[in-house]
Amino acid sequence: MVLFLDFNPFDNLLCILLGISFTVWFTLLLVFIIVPAIFGVSFGIRQLYMKTLLKIFEWATRRIERGAKDKNHPLHKPYSNAIIAKEPTSLEEEIKEIRRSGSNRDLDSASEFEMSDIFYFCRRGVESIMDDEVTKRFSAEELESWNLLTRSNYNFQHISLRLTVLWGLGVVIRYGFLLPLRVTLAFTGVGLLVVLTSIIGFLPNGRTKNFLSEKVHLMCYRICVRALTAIITYHDSENKPKNGGICVANHTSPIDVIILASDGCYAMVGQIHGGLMGVIQKSMVKACPHIWFERSEVKDRHLVAKRLSDHVEDKTKLPILIFPEGTCINNTSVMMFKKGSFEIGSTVYPVAIKYDPRFGDAFWNSSQFGMVSYLLRMMSSWAIVCSVWYLPPMSREEGEDAVQFANRVKAAIARQGGLVDLLWDGGLKRGKVKDTFKEEQQKLYSKMLVGTQEDRKYSRC
């Protein structure tokens with residue numbers, strides 16, 4: 001019996017070429033990315049890439065300025081909801097100004113309440129709706145120039161043929177080359193983290209286990225950083241968090257963890273998840289004493305504080321990494337720090353993180369994008385460029401409560417990172433304004449009226 005095989009030499013050649021391509025691909029990954037990540041070295045390729053992008057952005061901006069002379073272009077359309085900024089003044093000063101403009105009577109002879117006072121609260125309400133300083137912190141930061149990303153433009157790619165070609169070439173590079181490369185690196189980094197930390201978990205506790213755990217975590221996080229083409233500049237490394245302390249930082253994105261952990265090891269704090277994230281958490285905790293909470297335990301403040309206190313009392317354990325804002329802010333400001341991590345009494349190591357939005361918006365708007373779609377946006381951006389400042393350690397001063405200590409640390413981070421220091425709670429991202437904020441305005445107004453009345457009594461005497 002004779003068997004006839006349908007042999008096609010072109011299929012065989014195609015298989016050989018694919019095999020060679022994959023071999024070359026993974027060899028390049030190993031030599032230029034994975035091995036440098038293991039030893040913490042860089043060939044300077046990312047810095048050269050960033051400088052090249054800046055020159056391209058400058059050229060594109062000049063083309064936009066030339067092509068946007070057409071007044072019908074969106075660049076020339078003024079914002080109809082613009083508000084002229086005013087110098088901040090007190091409630092009492094503004095109401096007095098309204099009373100003066102609305103009446104010819106002497107201010108001191110006015111009654112305790114005037115109908116014109118209503119206009120102050122109406123105006124403040126309209127201003128809050130039009131230019132809410134809280135809500136706009138939960139949307140993408142505005143760019144001064146276009147970075148050739150469709151997600152951040154006003155159809156600028158249609159201004160000229162050259163700009164259209166450049167934008168199309170950028171799409172091909174980002175989605176055809178950078179995205180597959182970054183996805184490969186991300187799976188490599190996460191896969192190595194799960195496998196190696198699970199193996200290290202079988203070792204007995206001691207210096208050897210701690211040493212191997214730190215090296216594995218650093219290597220895997222550095223690979224993940226390269227999966228984002230992250231270009232990070234660390235400042236004042238002599239102030240890096242030490243064992244037994246708490247590292248607090250402003251929060252813009254889930255990748256804040258990777259940004260910081262690629263320069264030093266930390267004990268993570270968070271809620272236990274299921275799925276892939278749960279697998280990663282279980283493997284990590286085998287090699288390093290991270291602090292994971294069940295969903296039912298998260299709201300138990302005393303239990304959380306007890307777990308954190310027990311951890312920082314052991315000076316052999318890694319510093320805890322905490323983001324006290326409790327939610328992601330768009331990297332233009334720092335919002336209220338939750339006081340829980342400042343009640344423990346441990347040394348606090350503040351860290352300021354500032355991203356450069358020209359290369360890619362790192363802010364995670366969780367109400368608009370899921371985790372997977374967000375990571376895809378990050379991996380299809382040009383790069384993630386940021387600066388990290390390690391501030392001097394801070395301790396709670398005598399007579400200072402946890403809230404005051406938290407505000408002092410927050411102010412230091414905002415000042416170093418060039419961010420706006422806001423007193424608002426980041427929980428307003430999903431929740432309603434607390435009644436205490438409304439009552440505060442009522443107290444200020446009633447205090448002004450009572451004070452005016454008392455001043456009038458003293459003047460009569």
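The structure places CD1 of I259 at 8.0 Å from OG of S253, a figure rounded to the nearest 0.5 Å. The distance from the CG atom of L193 to the CD1 atom of I223 is 9.5 Å, given to the nearest 0.5 Å. Atom CG of N330 sits about 9.5 Å away from atom CG of N365, to the nearest 0.5 Å. Put simply, OG on S283 and CD1 on I199 are 11.0 Å apart, with the number rounded to the nearest 0.5 Å. Distance CZ/R415 to CG/L391: 8.5 Å, rounded to 0.5 Å. Distance check, rounded to the nearest 0.5 Å: OG of S387 to CD1 of I232 gives 10.0 Å.
Between the side chain of D361 and the backbone N or O of P357 there is no donor-acceptor pair closer than 3.5 Å. A donor-acceptor distance shorter than 3.5 angstrom exists from the side chain of K410 to the backbone of L422, with no hydrogens or angles considered. S213 places a side-chain N or O within 3.5 Å of a backbone atom of A287 that can act as its donor or acceptor partner. In this structure, the side chain of K338 engages the main chain of E325 through a donor-acceptor pair within 3.5 Å. No side-chain donor-acceptor contact under 3.5 Å links R377 to the backbone of S373. In this structure a side-chain-to-backbone donor-acceptor pair under 3.5 Å is present from Y374 to A362. Side-chain atoms of D236 do not come within 3.5 Å of backbone N or O of E238 as any donor-acceptor pair. Side chain of K354 to backbone of N331: a donor-acceptor contact under 3.5 angstrom is found. Looking at E313, its side chain never comes within 3.5 Å of a backbone N or O of D310 through a donor-acceptor pair.
Aromatic rings from H311 and H290 are positioned such that their centres are separated by 6.0 Å or more.
For K215, the NZ atom is loosely surrounded, since the number of other residues' heavy atoms within 6.0 Å does not exceed 12. Around the NZ atom of K282, the shell of radius 6.0 Å holds no more than 12 heavy atoms that belong to other residues, nucleotides or ligands. The local environment of NZ in K242 is crowded, with over 12 non-hydrogen atoms from other residues, nucleotides or ligands closer than 6.0 Å.
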**Message:** Let's go through I173 and L178 carefully: what are the C-alpha distance in whole Å and the side-chain angles of both, what is the deciding distance for side chain to side chain contact (heavy atoms under 4.5 Å, CB included) to 0.1 Å, and is it a yes or a no?
**Reply:** CA-CA 6 Å; I173 293 174; L178 292 178; 4.2 Å; yes
**Asked** Is there a side chain to side chain contact (heavy atoms under 4.5 Å, CB included) between D401 and F405 once you walk through the steps?
**Response** CA-CA 6 Å; D401 59 27; F405 183 30; over 6 Å; no
**Message:** If you apply the rule side chain to side chain contact (heavy atoms under 4.5 Å, CB included), what do you find for M219 with L192, and how did you get there?
**Reply:** CA-CA 9 Å; M219 178 191 71; L192 287 174; 4.2 Å; yes
**Message:** Apply side chain to side chain contact (heavy atoms under 4.5 Å, CB included) to residues C224 and L228 and explain how you reach the verdict.
**Reply:** CA-CA 7 Å; C224 292; L228 298 169; over 6 Å; no
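By the 4.5 Å heavy-atom criterion applied to side chains, C247 and I322 are not counted as neighbours. Two residues are said to be in side-chain contact when any heavy atoms from C-beta on lie closer than 4.5 Å; I353 and Y355 meet this criterion. Counting heavy atoms from C-beta outward, V385 and F359 have side chains that approach closer than 4.5 Å. Side-chain contact between L260 and Y221: absent, with no pair of heavy atoms (C-beta onward) separated by less than 4.5 Å. With contacts defined as side-chain heavy-atom distances shorter than 4.5 Å, the pair V285/W292 qualifies. Residues I384 and M378 have side chains in contact (heavy-atom distance under 4.5 Å, counting atoms from C-beta outward). With contacts defined as side-chain heavy-atom distances shorter than 4.5 Å, the pair M371/W364 qualifies. Using a 4.5 Å cut-off on side-chain heavy atoms (C-beta onward), V269 and L308 make contact.
Scanning all heavy atoms of the two residues, the minimum distance from P350 to P393 falls at CD-CA, 4.4 Å. Between K286 and S198, the shortest heavy-atom distance links the atoms CD-CA, 4.4 Å. Nearest heavy atom pair, residue N250 against residue D256, reads O-OD2, 3.8 Å. Residues D263 and L218 come closest through the heavy atom pair C-CD2, 4.2 Å. Counting all heavy atoms, side chain and backbone alike, N239 lies closest to Y349 at O-CD2, 3.8 Å. Closest non-hydrogen pair, A412 versus M394, comes out as CB-SD, 4.3 Å.
Between the side chains of T229 and R182, at least one donor-acceptor pair of N or O atoms lies under 3.5 Å.
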List the atom pairs, donor and acceptor, that lie under 3.5 Å between side-chain atoms in residues 48-55 and the rest of the protein, sequence neighbours left out.
from	atom 1	to	atom 2	distance (Å)
Y49	OH	W382	O	2.8
T52	OG1	L48	O	2.9

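Relative to the six-membered ring of F342, R396 misses at least one condition, a distance below 6.0 Å or an angle of at most 45° to the axis.
Here the rule is side-chain contact (heavy atoms from CB on, under 4.5 Å) with L318, and of E214, M268, H217 only E214 fits it.
Relative orientation of the W389 and H235 rings is parallel, given thresholds of 30° and 60° on the angle between their planes.
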